[in-house]
Each structure stands twice: as structure tokens, then as C-alpha cells.
Amino acid sequence: MTEIRTAAEAVATTSEPTAEGVVAPAAAPAAPTRSDPVGRDAYDVEAIQARWLPVWDELEPFRSGLPGDERPKKYILDMFPYPSGDLHMGHAEAYAIGDVVARYWVQRGFDVMHPIGWDAFGLPAENAAIKRGVDPRGWTYENIAQQKASMRRYACSFDWARVLHTSDPQYYRWNQWLFLRLFERGLAYRKSSAVNWCPQDQTVLANEQVVGGRCERCDAVVTKKNLTQWYLRITDYADRLLDDMQQLAGTWPDKVLTMQRNWIGRSIGAEVQFAIEGRDEPVTVFTTRPDTLYGATFFVVAADSALAAELAAGTPAEKEFRAYLDQVKQVSEIDRMDAGRPKTGVFLQRFAFNPVNDERIPVWASDYVLADYGTGAIMAVPAHDQRDLDFARTFDLPVRVVVAAESDPLETGIATADDGPHVNSGPLDGLDKSASIERMLEIMAAEGRGRAAVNYRLRDWLISRQRFWGTPIPIIHCPACGEVAVPDDQLPVELPAAEGLDLTPKGASPLGAATEWASVDCPQCGGPARRDPDTMDTFVDSSWYFLRFLNPALESAPFDPAQAREWLPIDQYVGGVTHAILHLLYSRFFTKVLHDMGLVDFTEPFSRLLNQGMVVMNGSAMSKSRGNLVPLSDELAMHGVDAIRLAMVFAGPPEDDIDWADVSAAGARKFLARAWRLSAEVASPVGVDASTGNMELRRVTHRTVDEAARAVESFRFNVAVARTMELVNAIRRAVDSGCGAADPAIREAVEAVAVLLSLVAPYTAEDMWAKLGHPPTVFRAGWPTVDPALLVQESVTCVVQVAGKVRARLTVGPDIDEAQLRELALAEPSVVASLAGRAVLTVVVRAPKLVNVVPG
RNA sequence: GCCCGGAUGGCGUAACUGGCAGCCGCAGCUCCCUUAAAAGGAGUCGUCGGAGACGACAUGCGGGUUCGAAUCCCGCUCCGGGCACCA
């Protein structure tokens, strides 16, 4: 029986690092031979996991921002989880990836802040609470405890001294505080309008939460409802949200930037005033094509707008209009968004005047015009807008071509949108589109009937929710004073106990029924008043949580601006692409507001963004109902934490989806065992001088470390793992049939493997480190220094092509000169043979790697 | 409909700035160890032809640029994602 010093023993004798972290080297463990069953079978995942977790708890290798820490700072953040049950495969992937980045920068000598918290408010907790008749608090905090335990076991490199839960009063107090600051600045306001309503969850939804006409959470078909609600004025920031994307180009995925750009949807055009017969005030419309004004043959107002109702009032069409409006309200959002739906509408028996020629054109109401975009009214140019043409053809309205085109829209039914010389357009005749727009804007400006204007698709952010489990809106409604802010010193407005409250959604917030809680004295006049019963959208919580991690317990402010200057903006943000618009747009908005308040000195919160893919099973998203759900706990029990983490990282590029059916966790474990075994075979002492070691292996080691670093920094984690596997293979060969286990190069190589693996497989890496005779922890061992001299190849394979086809390979020195290489290549027998006597036309030489001989 | 991506062996992938296509794995096959299995180890593994040396073909399809293209350009096909009556 070979004597093997267990890692636990190593820890027992060496777990007291000195100030320098240097500890007397443990005796080099005796190497088991390859036929020794103990050496082979000792990769006992369970035992290794049990051994190191308590050690790390003690050492806390990932605490950040400690006094006296001189390392440069980096802030790496994973999107925080929602506590809906235990961690699942998706978390396992996301946190494995975030961990590689965070652990890498620690090894590179940075003081890395890598915090975690819980996005703990929200509907699922409330729905579970209703279903089981319990308080959402209990459900939420139990799940958090479970996830926290799983994360610890999963060995995430989080700084556990910085945990936050958004459902804690000491957190949401600052949601309220920030809300009040926005309120003071006019950026939070209340208005009545038709809002998205989820009939299932019985609450309103922000525009961003309506996906394809359905509720983002529960998939119910969204309807409209008229309600008075709180909004945040994100539209004030539309231009900055667009323009500041310049800062993110290249460091955020293009896809996300494109989605945000489209979502904000800036349109450049003009506002034009149309006089309405029998109305004092003209009506303004927005158009991107002021050049087609001469082609405007009718006028349409949104059926559900106030303007439509006003224009219809008292006309012979009023009754018909009302019936139509009722019909429009019945149509669900999902149907309404179908552009292929036949056009409907009502002629309001009113007329508008085209400002360019005073032509009297009919005014219609239709639902194809949106009440909340532009001004809710349009000039219809049927010849050059498909929707207007469809409408014109349905109701037999005139079509006038004003941009010359090959086909006639009225005949073909296809509106022409191409550029071309304008016709039937008075002063614009003969001009092209851009010249016409310019000319028209001049004319409009001169007459005071219009001007250049910009419009956005983006709407203000509706944040009121008629649900219990969220941040109470800190406003008091006083019959005398109106909307009164809760004074700062009375924050937080805490949620009442759920006990005795019926949380079942009924369209009004359950908080309103908490009579004692809701009834307060007005802070201004002292008279009886009521609290706002709604809670905030949980996206408010997550719009600034990254700042709270600086000091989650801070009582005097949401965060300390001085610390924010040190740590932010976030160097690397990691999370799913599902938040491409919602969370990332809102966070960017909040950051700009905080910047304007002078609280932060940056305008973009996330300098770099990595969107990891999803974990699917057999091609589709995992779900219980589909029957393809793979429980993470089962996988961890079967293969161990490290194998799962490694499998996640090695499966492919991080932004691609992983099909778990294609992944071999068993293979990952096999590799880890191979690597681990090496650590017990190293037969040179700790601190041995590597420079005397085998040069061939040393080159592989240094090249691997160098390539792995570059791969990690460019998010090619799978490549970093592949290179590490090559190094392990090379060490295996060197031990078995090369320089042998006692060569110092073997120690250097295996130590490098331990550090490389510390990013992905922390348990295995730490155990290897101990077997190599080092005290814990490998996580702070430092990235191996690469010797540039060892990156230079001793000899290079030069490819010799004839007409682009490889005909020979030469082994040459790396600094061979071109003439010499050319000569060598032309002398190759196989080159001569394939030239077959033909004359050489050119020889392209790219020393030292390639020669291409081109025959005549 | 509009806007983005993508397509490489049986599978996941790799290939620096245009320079040996297929690194590293998974699965398969052959062998070693074993009474046997498991575990472990060695080898093989794009397609076609050939006993073999080797040759031809090959990165979705068709063209182009180039001494040279998985990579750049043009035109298709298919797949995925986002937006979708936004004037």
C-alpha cells in the first residue's frame, strides 16, 4: 500500500497561512503507480467536496474591498436570481460562466467584487402563497435559503458578505427613496390611460412585459383597461439611451444593442398641422414622409382616442362611431396587432384641410391608428403607405400618386415606398425624396403649419402593480392636498403582514384592504388620507441593485457615491438574453437619472455584457409539462459539482444554447480524474526550479497558460478547457514515456493545470493543489507567469503548396529568411514532381509558415 | 412583412489578420488489463477510390475577388432569434 497523504491531513498541518501566505511545503506525497488501485480510485468526488467546503468557509478567498487591500478593483456581476424553488440547470450554466470570469481576475491579482443577491419580490411568490394559503415571505425566504445552500455547494465565488434581498425593508426602503427623488424631478407621475391588463394575474403590465400580445409571466392574452397609474418618464431619456449606446459598441452583443435601438424606435420626420372644419384648434399629425403631403387624401384618428370621441360628438356619425368603438374594445391586443387583419373604420362626417393645398379631406376613425403613438392622428397617403392603401381600397377613398413609380398602387394594391421624382406636388415636382422633405419643411416653417420632429416607439414605464408582494409606492392620497410624498424620515413604508389579507387577484391591490395600514394622516395637512395601495414593478428593484452591493447594510443612503466611484461601472455583467430589453434598458435609464442627480459619475452601468445561452433538453426548453426537465440536483449527485461545471463551460461558446442531451458529464468527470491523478504523481519537491526541466513540456505549459488567458478574456471558455485538456494529455505522455515524473517541468505543468482548473473545477483544483504540497487555497495562487522565450517555437512546420494544394511539409527554424525558404521549397521532390516540368510563374513566400508555388 | 444572427464529420465544437479544415471532446470501432463486468489504458475514426504509399473530393447551394477563401463580396436555400398597423 502506497502511503498517500490525504489532502485533509495536508490542510490540518498547513491551514494556517502566514501573513505572506507562504507555508512550509508539505512533504511531497508519494506517487501511486498507475497499477495502484488506490491512486486510481481515490478521485472520490463526494469526499473532495466535503473536505474543501469548510476550508473555504474559513478562508473566505473571495471577500472583496477589505481595508488595506491594494489590489486593483474589478466588479464582476451575475444577474441575480429569482427565488422560485431550487437552482436549476440554467443557473448552473450562468453561474459556472460568471465564475470563470470572476475567478480568472482574482488569479490575475485583482480585488474582484462578485456579489450575489435575490430578486425576491414578484408574482410567483404571491401566487404560491395564494395556492398554499401561506405568507409570501415564508415561501420566498425558504427558497432563498435553499438556493444559497446550493450555490455554496456549487462553489460559486461569491462574496457572501454582500448578500441582499430586494424584499427586505432595508432594501426596498431605497426603492421608495429613489421613487420620491424621481417624483420630485417630475420623472414619476400619475396619469389615466388605456393600459395593458393581464386578466390572469389581474394586474397591469408595462409595454415591455407584453410579449406578442401575451403576458410575459403567465402567457394570458393581454387586454386594455383604463386606469390611473404611476409612470416613470423614461421617454425623456430616449435620445440618451440611444446615443450612449456608442459607449457599448463592441463590448455588448450587437444583438442586444439592435434590440434596444428598435425598441426605442426613434423616427425622424415632421409635425404638420391640419385645420379641422368646425374646430378652433388644428390637429397635429406626425409623419416621416412630409414630402408626400400632396398625396394625403384623407385623415384618420385613432378610434380609442379622446380626439375621435370629440370629433364624433354631435355628428350624424356619432351613433355609428360608438358602436364601432365598442367593437374595437372587444378586440384583444393579440388580434389587434395582426397587420393582415382587414381594415375597419367609421367616417366621422367631418373634414380636415390639407395645409399644402387646402383640399377638404374626410376624417375617419379607425383602430389601425394607435392612440398612444405620435398624436393619435395621421394624414393618410394611400399611394405610398400600405396601411393607408388597404384602408382606401376597403372604403373606396381616393388614391393620388405623388412619387413617380412603375406600378400604380390602386391597381396593384401595393403602395410604393421607393424614392423617385415627385409629381402632382406643386413646388416639389421633380425633386427626389430628401430634397422634397427639405423643401416641404421650409414651406411648413414659413407658414407656421409644421416643423421637423422626432418621435419614439418607446413609451413611459408603467410601474404600478395591483399586487401585494412588492415595494409599496410611497405616496399618500389626500382629499385636500392630492398626491403627497411620504417624508423620507418615514421610510420605509413597510408591507403589512399578509395575514388576514385576501391576496387573490381581484383587479385592485390587496393592500387597499389592509385598512389600518392604508389609513394615514396626510403629512401636509394632517387630515385623513390613504396610502397608495399599489406596489412597484419588480424591475424597479433590479434597476439599481448593482449599486446596493457596495454596502447592502448602509442605512444612510441607497449607496455610497465614493465607493461607487471606486467600483463602478461594472466591468463584466453576465446573464441571459431574455433581459435584452427590460432589465437592461431600465438599469441604463436609472443610471442616467442617478448621474443627473450627481450620485454617480458614469452614464452606463455595464461596461461589458455577456449573454449566456439556455440549457435545453433534446432541442427544447426544459419544462415539467414537456417531461424533459433534468433536475440539477440529480446531475450534481451523479457526477459531482466540478464535472457539471466543466461540462457547462466546455459544451460550446457561452452564448450558444446547450443541449444537455449532447453533453457528457461523465466525460468531464473522467477528464478531471485524469488531471487529478497527475497531482499525486509529481515526484519533485515544492519550489523546485522549473528552468532545469524538460523544455518540450515547458513550452506546452507556457503556451497553454498563454492561450488559456486569451481564450478566457475573449469568452472562449470552451477553448481554454480544450487547451487545458491538451496540457493534461501532454503531461500524461511525459510522465509515462517522456521525461518522467521527477522532472521539474512536470511539477510546473501540473501546478499550471491546478490553477487553470481552479476557474472551472474548484474542488478538484484545490485537492490537486494540496496533493502538490501547497496550502490552500489555489484560488489565490496567482496566474502562472508566462515566459515569452518559451512561446517561441524551436521549429515550425512550413507548408509548401503547388497551386494552393499542399504537396510537402518542411521543418524549419522560426526565423528562416524568405530566399532560403523558397529555395528549400523548390527543391522538394514532391514539389518538383507535381510541377511536372511546368515553369514556375510566381512563388508566394510567407516565412516561416507557407510557400505557394504557382506554375505557369 | 421588416431587422439581426447562423449553417463545418454520426454529435458538441476548433481554426489568430485570408495561409495545413476538423484542435479538444462525445458516441462508435479495434486492442490491452480482467475469470467476467465495471473502472482504467493504447489505438482508430470526414467522404470516395486504393492492399498500400497515395490520390481525388469536401466547411448549406451557385457565382466572384485572390497565388491562396470556412473566413471577404454578390445571389440563393434552409434554420434560429427579435420586432411587427409605430404613420
Side-chain angles (χ1 to χ4, degrees), chain A residues 34-35 37 39-41 43 211-213 253-263 265-267 269 285-289 292 300 302 336-341 343 366-370 372-381 384-388 390-391 455-459 577 580-581 646-647 650-653 655-659 661-668 670-671 673-674 677 707 710-711 714 716 718-729 732 736 797-809 830 841-846 849-855:
Chain A
R34 286 177 58 213
S35 58
R40 275 211 302 266
D41 297 338
Y43 183 69
V211 179
D254 287 342
K255 183 183 165 180
V256 173
L257 294 176
T258 304
M259 281 168 70
Q260 293 219 351
R261 202 171 287 122
N262 292 342
W263 186 263
R266 178 159 63 192
S267 293
V285 302
F286 175 75
T287 177
T288 54
R289 293 294 304 273
T292 61
V300 190
R336 175 159 180 170
M337 284 193 309
D338 177 9
R341 202 164 52 96
K343 294 281 182 284
S366 173
D367 66 353
Y368 87 91
V369 172
L370 305 175
D372 57 353
Y373 181 78
T375 60
I378 62 153
M379 64 176 210
V381 184
H384 307 296
D385 182 285
Q386 191 59 48
R387 298 152 301 184
D388 295 346
D390 293 344
F391 193 83
N455 230 302
Y456 303 91
R457 216 191 75 113
L458 184 72
R459 310 292 151 84
V577 74
I581 295 172
L646 180 72
F650 184 55
E655 50 279 334
D656 289 4
D657 286 352
I658 295 175
D659 195 329
D662 295 334
V663 164
S664 171
K670 211 191 285 187
F671 162 71
R674 270 163 64 81
R677 248 177 272 137
E707 283 183 25
R710 277 181 293 148
S714 54
R716 287 144 52 237
N718 53 327
V719 177
V721 172
R723 295 294 92 84
T724 307
M725 287 173 166
E726 283 181 276
L727 178 56
V728 166
N729 292 342
R732 181 78 270 158
D736 293 348
T797 302
C798 175
V799 173
V800 185
Q801 302 175 331
V802 177
K805 287 199 192 313
V806 181
R807 295 299 172 184
R809 289 185 177 80
S830 56
L841 189 70
T842 14
V843 182
V844 179
V845 184
R846 292 282 178 276
K849 294 185 77 171
L850 180 122
V851 178
N852 190 9
V853 181
V854 186

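Numbers restart at 1 for each chain; the letters A, B, ... are given by sequence-line order, proteins then strands. Nothing here was measured: the structure is a model prediction, and the numbers come from that model.
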Side chain of [X] - closest among [options]:
X: A/T258; options: B/A87, B/C3, B/C26; value: B/C3
X: A/D385; options: B/G82, B/A56, B/A87; value: B/A87
X: A/K670; options: B/C26, B/A84, B/A87; value: B/C26
X: A/E726; options: B/C11, B/C24, B/A21; value: B/C24
X: A/N729; options: B/A14, B/G25, B/A21; value: B/G25
X: A/R341; options: B/A87, B/C11, B/C85; value: B/C85
X: A/M259; options: B/C85, B/G82, B/C11; value: B/G82
X: A/S664; options: B/C26, B/A84, B/C20; value: B/C26
X: A/T287; options: B/G81, B/A87, B/G12; value: B/A87

Within the pair [X] and [N], is there a side-chain N or O less than 4.0 Å away from OP1 or OP2?
X: A/R677; N: B/G41; result: yes
X: A/R457; N: B/A87; result: no
X: A/R716; N: B/A15; result: yes
X: A/T724; N: B/C24; result: no
X: A/Y368; N: B/A87; result: no
X: A/N262; N: B/C4; result: no

Taken to the nearest 0.5 Å, the spacing of A/L646 CG from A/M725 CE works out to 5.5 Å

State the CZ-CG distance between A/F671 and A/N729, to the nearest 0.5 angstrom.
-> 8.0 Å

Is B/G9 in the syn range, within 90° of 0, or in the anti range?
-> syn

What is the distance, to the nearest angstrom, from the [atom1] atom on [X] to the [atom2] atom on [N]?
X: A/D254; N: B/G82; atom1: CG; atom2: P; answer: 17 Å
X: A/R723; N: B/G25; atom1: CZ; atom2: C1'; answer: 11 Å
X: A/N718; N: B/C26; atom1: CG; atom2: C1'; answer: 14 Å
X: A/Q386; N: B/C85; atom1: CD; atom2: P; answer: 14 Å
X: A/D657; N: B/G80; atom1: CG; atom2: P; answer: 12 Å
X: A/Y456; N: B/A87; atom1: OH; atom2: P; answer: 13 Å
X: A/D390; N: B/G1; atom1: CG; atom2: C1'; answer: 12 Å
X: A/R710; N: B/A15; atom1: CZ; atom2: C1'; answer: 14 Å

Could you run down the sub-3.5 Å N/O contacts of the protein with nucleotides 66-69 of chain B?
unit_1 : atom_1 : unit_2 : atom_2 : d
B/C67  : O2'    : A/N852 : ND2    : 3.2
B/C67  : O2     : A/N852 : ND2    : 2.6

Can you tell if the side chain of A/M379 reaches within under 4.5 Å of the side chain of A/T287, non-hydrogen atoms only?
-> yes

Are the side chains of A/D367 and A/R341 in touch, meaning some heavy atoms are under 4.5 Å apart?
-> yes

Could you work out the separation of [N] and [M] based on their [atom1] atoms and round it to a whole Å?
N: B/A58; M: B/G46; atom1: C1'; answer: 8 Å
N: B/G82; M: B/A14; atom1: P; answer: 23 Å
N: B/G12; M: B/A27; atom1: P; answer: 15 Å
N: B/C76; M: B/A7; atom1: C1'; answer: 14 Å
N: B/U65; M: B/C73; atom1: P; answer: 15 Å
N: B/G25; M: B/G75; atom1: P; answer: 42 Å
N: B/C11; M: B/A84; atom1: P; answer: 36 Å
N: B/C67; M: B/U30; atom1: C1'; answer: 43 Å

Polar side-chain contact A/K849-B/C20 base: donor and acceptor under 3.5 Å = no

Closest approach of [X] to [Y] (non-hydrogen atoms, all atoms of both residues):
X: A/A665; Y: A/A647; value: CA-CB, 4.2 Å
X: A/T375; Y: A/V285; value: OG1-CA, 3.5 Å
X: A/Y373; Y: A/Y456; value: CE1-O, 3.1 Å
X: A/V663; Y: A/A651; value: CG2-CB, 4.0 Å
X: A/L850; Y: A/C798; value: N-SG, 3.8 Å

Involving RNA chain B, stems made of at least three consecutive Watson-Crick or G-U pairs, both distances under 3.5 Å | B:1-7 with B:77-83, B:10-12 with B:24-26, B:28-32 with B:40-44, B:46-49 with B:54-57, B:60-64 with B:72-76

Determine the contact category for [X]: base if any of its heavy atoms lies under 4.0 Å from a base atom, sugar-phosphate if only primed atoms, P, OP1 or OP2 are that close, otherwise nothing.
X: A/R459; result: base
X: A/R674; result: sugar-phosphate
X: A/D656; result: sugar-phosphate

Given RNA chain B, 5'-ward residue of the pair A/T797 and A/I378, judged by closest heavy atom = A/T797

Residue whose closest nucleotide on RNA chain B lies nearer the 5' end, A/K805 versus A/F671 | A/F671

Residue pair A/Y368, A/D388: steps toward the side chain to side chain contact (heavy atoms under 4.5 Å, CB included) verdict = CA-CA 9 Å; A/Y368 87 91; A/D388 295 346; 2.7 Å; yes

A/R723/A/E726 salt bridge by N-O under 4.0 Å criterion | yes

Run the numbers on A/R457 and A/N262 for side chain to side chain donor-acceptor pair (under 3.5 Å), then give the verdict.
-> CA-CA 8 Å; A/R457 216 191 75 113; A/N262 292 342; over 6 Å; no

Can you list the steps and then say if A/T292 with A/D385 is a side chain to side chain contact (heavy atoms under 4.5 Å, CB included)?
-> CA-CA 10 Å; A/T292 61; A/D385 182 285; over 6 Å; no

